[in-house]
S.K.: 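Just passing along the structure, written as structure tokens.
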2 protein chains.
Amino acid sequence: MRPREFDHDDVLRIAFDQFWRKGVRGTSLSDIARDAGVQRGSLYNAFGSKEALFLSAYERYASEYLAAIQKALSAGSLRQRLDAFFDVTIENMCAGSPPRGCPTTRGLMELGPAEGEGLDENARKAFADLMTRITGLLQDALSEGAARGEFNGAPEISALHIATVTRGLALIERAFGDESKLRVIAAHTVDLMLGEVDAQSAMRSG
Amino acid sequence: MRPREFDHDDVLRIAFDQFWRKGVRGTSLSDIARDAGVQRGSLYNAFGSKEALFLSAYERYASEYLAAIQKALSAGSLRQRLDAFFDVTIENMCAGSPPRGCPTTRGLMELGPAEGEGLDENARKAFADLMTRITGLLQDALSEGAARGEFNGAPEISALHIATVTRGLALIERAFGDESKLRVIAAHTVDLMLGEVDAQSAMRSG
DNA sequence: ATATGTTTTTGACATGATGTCAAAAACGCG
DNA sequence: CGCGTTTTTGACATCATGTCAAAAACATAT
């Protein structure tokens, strides 16, 4: 057994950083190999393919990201939780210069519905899995909120709605690069969930 | 002046069909050239680059799509208009087998935030433009609805919210490939906009 | 210590993509 | 009938992914 000459996790971090900044399509294995001081062939030997390397790097990211979401959704009033959720989400998308965007959204569009016949099921599953988990966490938060009387909608569909908005934010970010717009949408979404908009407009019109 | 041997619009239609089915990344100019019965070099001569060809094809699509959206948003009650809007949107995403997804969303993630430094401003602008126009049409519909007493929220932010949900739907489609889920989210969004959810839950709890 | 076996590394190779370029071809027009 | 302009065509350069076999490096058994 000849020992590996590079650190597996180092490569994953370096690779994901590049994937995040330049997209999966815009990052070549030569780039990563140079950055990591590894031979290109070694990456193939260790990970199998570019997509597999991306997936490994992505899953590393996903678990960290999910932990951050979970933490954000687990303290304070429901409004505070949802605000914190969107805060983490938007921070994540807008970090870096230029902003790196959302890796899940980008990856889903770059890899998920792959070319021709052979769609990459593993990639699609990884992305879908993160989205499902986030939706689950949202649903838990909403259910708790409902139990505490902070929310009077249906947790399941509302969680799905918020998850959808979250994905939409990633597109708004790419199209307009305007973080403040994301914040406005997020705040409005929380208001919608918590019925504040209707209450306010009822007050205005009443 | 030697005359062109192929029809410009035919090529655009053929190209967009391929881009739509296989993604920009997954479609090579050789594919398009073969399908269109044209030499690859002729495409470069006529369009300049793959991205430029995609953009030409995309703008053709965008104007048609926008017209369909506009039509959907211009008849009946506000609820009917929003329902029709989502109907057109979801039909558009789920058409084809396998479903082709949303070209705008996909293109924005494939081309908009391009690799490295040189992000493709033209592409990003084209996608952002469609999103802006759709948001504008939504805002008009909501404003009219507000004037007729069918809506009591703020048209501007609500239109942005719906546009965001619309983008999110494209991701849901890619991740889960479940059209019914899209319909549920769309219906819920309309209900949210029109205050039906709160009214219903108020009735339930009252 | 030495031989063996297993895994990694390394470089060459195959394939296919984008994009460029110059030469040839085809047409309108003076 | 030639002239000039544009398109076509094929060759070429470059770069990407991915494969493969040979060489290298270490663990382990004898």
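Side-chain atoms are counted along with the backbone in the values below, which use heavy atoms only and exclude waters and symmetry mates. Note on naming: letters A, B, ... go to the chains in the order of the sequence lines (proteins, then strands), and numbering restarts at 1 for each one.
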S.K.: So, is B:S42 near the phosphate of D:dT7, with a side-chain N or O under 4.0 Å from OP1 or OP2?
M.R.: no
S.K.: Please report the shortest heavy-atom distance between B:R100 and B:A95, naming the atom on each side.
M.R.: NH2-CB, 2.8 Å
S.K.: Please give, in whole Å, the distance from C:dA17 P to B:I32 CD1?
M.R.: 11 Å
S.K.: Let me know, please, whether B:V24 or A:R4 comes out on the 5' side of the other along DNA chain C by nearest nucleotide.
M.R.: A:R4
S.K.: For B:F47 and C:dG19, what is the distance between atoms CZ and C1' respectively, to the nearest whole Å?
M.R.: 16 Å
S.K.: Give the minimum heavy-atom separation between A:A141 and A:L73, together with the two atoms involved.
M.R.: CB-CD2, 4.1 Å
S.K.: Between A:E91 and A:R183, is there a salt bridge with N-O shorter than 4.0 Å?
M.R.: yes
S.K.: Expressed in angstrom and rounded to an integer, what is the separation of B:Y44 atom OH from D:dA13 atom C1'?
M.R.: 13 Å
S.K.: Pairs under 3.5 angstrom, nitrogen or oxygen only, protein versus nucleotides 11-13 of chain C, please.
M.R.:
from	atom 1	to	atom 2	distance (Å)
C:dG11	OP2	A:Q39	NE2	3.1

S.K.: Quickly work out the B:D31 CG to C:dA17 P distance and round it to whole Å.
M.R.: 6 Å
S.K.: What are the two closest non-hydrogen atoms of A:L160 and B:K181, and how far apart are they?
M.R.: CD2-CG, 3.7 Å
S.K.: Just how far, in rounded Å, is P of C:dT20 from CG of B:L29?
M.R.: 12 Å
S.K.: Quick one: closest heavy-atom pair of B:R148 and B:L78, and the distance?
M.R.: NH2-N, 4.5 Å
S.K.: Hey, which of B:V165, B:T166, B:I162, B:L182 is the one that makes side-chain contact (heavy atoms from CB on, under 4.5 Å) with B:T89?
M.R.: B:T166
S.K.: Can you name the closest pair of heavy atoms from A:A75 and A:R81 and give their distance?
M.R.: O-CG, 3.2 Å
S.K.: Measure from the side chain of B:S30, starting at C-beta and using heavy atoms only, and say which of C:dT8, D:dT7, C:dT18 lies closest.
M.R.: C:dT18
S.K.: Does the pair A:E64/A:R60 count as a salt bridge with the N-to-O cut at 4.0 Å?
M.R.: no
S.K.: When the distance from CZ of B:F54 to P of C:dT18 is rounded to whole Å, what number comes out?
M.R.: 14 Å
S.K.: Enumerate the protein-to-nucleotides 22-26 of chain D contacts in which both atoms are nitrogen or oxygen and the separation is below 3.5 Å.
M.R.:
from	atom 1	to	atom 2	distance (Å)
D:dA24	N3	A:R2	NH1	3.1
D:dA25	O4'	A:R2	NE	3.3
D:dC26	O2	A:M1	N	3.2

S.K.: Pick base, sugar-phosphate or nothing for B:F6, based on heavy-atom distances below 4.0 Å to the nucleic acid.
M.R.: sugar-phosphate
S.K.: Provide, to the nearest angstrom, the distance between the CZ atom belonging to A:R34 and the C1' atom belonging to D:dA16.
M.R.: 13 Å
S.K.: Which whole-number value in Å describes the distance from B:N45 CG to D:dT7 P?
M.R.: 5 Å
S.K.: Quick one: do A:R13 and A:D17 make a salt bridge, cutoff under 4.0 Å?
M.R.: no
